[in-house]
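In this chain, numbering begins with 1 at the start of the sequence shown.
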Amino acid sequence: MDPELLLEALDPEQREAATSLVGPTCILAGAGTGKTRTVTHRIAYGIAKGHFAANRVLALTYTSRAAGELRARLRQLGIPGVAVKTFHAAALSQLEFFWPQLAGVPAPNVLSSKSKIIAEAAESLKIRFDAAMLRDIAAEIEWRKYTMKSLESYEAVVSNRPAVAGLKPEQLLQVQKVYEEIKIKSQKLDWEDVLLLTLGMLQAEPRILAHVQQQYRFFTVDEYQDISPLQQALLEAWLGDRSDLCVVGDPNQTIYSFSGASSSHLLQFSSTYPNASVISLTRNYRSTANIISMANRLIRGETSMDELEAQGPQGSTPTVFEAKDSATEASEIASAIKSQLARGIKPNEIAVLYRVNSQSELFEKALADLNIDYQVRGGERFFNRPEIIQLVRLVRAETILPTDKPLYQIVSDAARELGWKSKEPAESGSVREQWEALNSFIAIVDELPEGSTIADFVKEIDERIRSQHEPVKAAVTLSTIHAAKGLEWDSVFLAGLNEGLLPISYARTDLAIYEERRLFYVGITRARKELSLSSARTNAINGREQSRSRFLDLVTNS
């Protein structure tokens with residue numbers, strides 16, 4: 001591979017970042033500026049030039065989808081041997097490998113969810129709970145562990161923490177103590193334990209630390225503005241006294257402070273590494289000029305980051321409307337989506353974004369009333385669907401005997417055994433959902449390089465199952481803004497822009513309000529071509545009047 005050919009697709013700033021191969025590198029990448037393209041080309045260029053050995057590169061991400069995308073992009077560049085993992089996946093693989101050597105038994109299993117044990121703990125303490133409370137307590141546990149606080153050190157600060165689920169500080173502390181006791185008795189770990197135990201193992205066992213540091217030499221960390229103290233400590237253990245580190249991030253998209261994340265490591269990178277190369281990417285290739293102008297107005301003065309420079313057309317002006325109540329707001333958005341679908345916009349290129357999960361119910365009803373297919377991010381896992389589990393088994397069985405059939409035929413024939421047909425069904429409901437799931441599975445074939453075999457396909461599926469890298473469904477997306485981070489759509493509806501929702505009611509300090517503002521910025525910059533902002537004068541659930549978000553004044557200049 002000619003290394004210089006890899007640089008032809010990059011703009012001057014991206015090229016500067018891709019050719020910065022020696023020592024620490026910090027890439028300040030604004031929204032839509034080609035961050036993933038830059039990172040993958042930098043890794044590929046470094047390998048092609050002989051600076052990096054592919055098997056000694058570790059690229060770290062925060063989500064399985066981001067890892068899957070980065071891995072696929074590297075494969076397209078002809079670089080298949082790079083380890084691309086989330087922090088949790090990288091730590092778990094080390095823990096599972098070394099734990100038997102230290103303890104003589106396999107590593108404990110990881111909980112798929114904290115909810116069951118938290119519920120058991122709350123019940124034992126005679127605390128009434130619901131799903132929202134369990135979610136809030138889980139988030140508090142994650143904050144405690146990501147900030148590396150023991151139960152003893154947490155006890156000293158719990159009174160100063162924001163209220164969680166209406167619990168008194170002593171109740172919140174007791175629930176967490178019982179949660180830990182039940183978890184230990186059941187010989188389970190939560191995902192934060194995986195990081196903590198891996199870090200502890202590396203710090204306590206010089207032999208294991210040396211082995212891991214020998215395995216990986218060159219590190220890339222995506223979304224570095226979201227790193228927590230625990231993840232930073234683990235990264236430093238992996239690095240040792242070396243500085244072959246490239247970090248990528250955008251302080252304007254720091255939206256996970258509630259879970260212990262801090263952009264300080266990104267902003268202070270050049271202080272930590274005085275010889276670091278710092279490159280800013282500001283050319284936005286995702287959104288129209290009008291959308292970028294709105295995003296710049298919102299975030300102006302927030303950080304020292306340069307404003308985005310739109311590279312696309314002017315585009316239509318984002319719309320702003322206020323409905324009489326939130327139910328009417330949802331109905332008007334559903335009607336607008338119906339019109340967009342009639343204009344030819346694909347359903348999977350449309351998203352409705354909101355601040356909290358409970359807001360989705362009104363949009364689900366409004367879309368269902370108009371027979372518009374939708375998917376809620378964070379809903380049922382694709383690879384856990386019964387028809388997909390069956391299809392995976394059938395496809396795996398095809399690897400036993402040699403065959404000359406093309407890959408697409410092998411996979412589609414297996415899907416036909418479960419009732420799939422190439423023509424979309426006229427029915428809606430479960431029949432259509434099952435067809436769409438099978439169809440999405442088959443579509444993964446198109447994402448693989450030409451000439452891929454059934455063995456290649458099964459390997460890809462196994463990796464996707466492990467990392468929960470799910471295919472995109474042909475449906476309108478409903479999502480919280482947090483869950484939409486890293487994604488983009490042609491058309492985005494940002495809904496529920498009211499005081500108490502965005503900013504959220506418990507955001508009372510200046511720092512908390514700034515984070516809510518950045519969250520709004522993330523929502524705006526998910527849109528490529530069309531953007532709609534909406535609020536409602538009355539909450540349809542409780543009938544209370546509400547005022548529109550203060551952030552709307554920043555973007556509309558009214």
Is there a donor-acceptor pair under 3.5 Å between the side chain of [X] and the backbone N or O of [Y]?
X	Y	value
Arg15	Leu10	yes
Asn284	Ser287	yes
Tyr514	Thr509	no
Gln311	Glu309	yes

Applying side chain to side chain contact (heavy atoms under 4.5 Å, CB included) to Leu533 and Phe520, what does each step give before you reach the verdict? CA-CA 10 Å; Leu533 312 178; Phe520 189 17; 4.2 Å; yes

How about [X] and [Y]: do any of their side-chain heavy atoms sit closer than 4.5 Å?
X	Y	value
Phe98	Val212	yes
Leu245	Thr220	no
Thr525	Ile291	no
Val476	Phe363	no
Asp250	Leu28	no
Pro108	Trp99	yes
Pro80	Leu74	no
Phe218	Ile43	no

[X]: which residues meet the side-chain contact (heavy atoms from CB on, under 4.5 Å) condition with it, sequence neighbours left out?
X	result
Gln314	Ala289, Asn290
Leu5	Asp2, Glu8
Ala139	none
Thr33	Ala29, Leu281, Leu308

Between Thr254 and Gln225, does a side-chain hydrogen bond (donor to acceptor under 3.5 Å, both in side chains) hold up when you go through it step by step? CA-CA 6 Å; Thr254 305; Gln225 79 278 350; 5.6 Å; no

Under 3.5 Å side-chain donor-acceptor pair for [X] and [Y]:
X	Y	value
Ser262	Ser264	yes
Gln94	Thr198	no
Gln14	Glu16	no
Thr38	Arg42	no
Gln232	Tyr224	yes
Thr319	Ser532	yes

Give the minimum heavy-atom separation between [X] and [Y], together with the two atoms involved.
X	Y	value
Ser20	Ile279	CB-CD1, 4.4 Å
Trp143	Ser257	CD1-O, 4.2 Å
Gln253	Tyr521	CG-CE2, 4.1 Å
Pro318	Met294	CB-CE, 3.8 Å
Ile388	Ala437	CD1-O, 3.6 Å
Ala91	Leu195	CB-CD2, 3.7 Å

For [X], which residues count as a salt bridge (charged side-chain N to carboxylate O under 4.0 Å, His left out) partner, sequence neighbours excluded?
X	answer
Glu530	Arg343
Glu307	Arg300
Asp193	Lys145, Lys183
Arg37	none

[X] [atom1] to [Y] [atom2] distance, which is reported to the nearest 0.5 Å:
X	Y	atom1	atom2	value
Ser228	Glu142	OG	CD	10.5 Å
Glu13	Asp11	CD	CG	5.0 Å
Thr86	Leu60	OG1	CG	8.5 Å
Ile227	Ser263	CD1	OG	12.0 Å
Leu234	Leu202	CG	CG	6.5 Å
Arg242	Tyr216	CZ	OH	12.0 Å

Within residues 44-59 or reaching into it, pairs that qualify as side-chain hydrogen bond (donor to acceptor under 3.5 Å, both in side chains) - sequence neighbours excluded: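 Applying side-chain hydrogen bond (donor to acceptor under 3.5 Å, both in side chains) to every pair that reaches into residues 44-59, excluding sequence neighbours, yields Glu4-Tyr45.
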
Does the plane of the ring in Phe457 sit parallel, tilted or perpendicular to the ring in Phe441? Use 30° and 60° as the thresholds.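 Ring orientation, 0 to 90° scale: perpendicular.
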
Is the ring pair Phe87/Tyr62 parallel, tilted or perpendicular, if the boundaries are 30 and 60 degrees?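 Ring orientation, 0 to 90° scale: tilted.
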
Show me the donor-acceptor pairs, under 3.5 Å and distance only, between side chains in residues 489-496 and residues at least two apart or in other chains.
{"residue": "Asp490", "atom": "OD1", "partner": "Arg528", "partner atom": "NH1", "Å": "2.8"}
{"residue": "Ser491", "atom": "OG", "partner": "Gln340", "partner atom": "OE1", "Å": "3.0"}
{"residue": "Ser491", "atom": "OG", "partner": "Gln340", "partner atom": "NE2", "Å": "2.9"}

Output yes when [X] and [Y] qualify as a salt bridge under the 4.0 Å nitrogen-oxygen rule, no when they do not.
X	Y	value
Glu349	Lys529	no
Lys114	Glu192	yes
Glu140	Arg144	no

Indicate every side-chain donor-acceptor pair of residues 265-276 with a distance under 3.5 Å to a residue at least two apart or in another chain.
{"residue": "Thr272", "atom": "OG1", "partner": "Gln268", "partner atom": "O", "Å": "3.2"}

Please name the residue in the list Arg286, Lys35, Arg526 that meets the salt bridge (Lys or Arg N to Asp or Glu O under 4.0 Å) test with Glu488.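 Answer to the salt bridge (Lys or Arg N to Asp or Glu O under 4.0 Å) test with Glu488 among Arg286, Lys35, Arg526: Arg286.
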
Sole residue of Leu487, Val376, Leu353 in side chain to side chain contact (heavy atoms under 4.5 Å, CB included) with Ser479: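 Only match with Ser479 under side chain to side chain contact (heavy atoms under 4.5 Å, CB included): Leu353.
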
Side chain to side chain contact (heavy atoms under 4.5 Å, CB included) for Lys485 and Ile255? Distances and angles first, verdict last. CA-CA 9 Å; Lys485 180 85 159 37; Ile255 59 172; 3.8 Å; yes

Who passes side-chain hydrogen bond (donor to acceptor under 3.5 Å, both in side chains) against Thr36, sequence neighbours left out?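 Per chain and number, Thr36 pairs via side-chain hydrogen bond (donor to acceptor under 3.5 Å, both in side chains) with no residue.
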
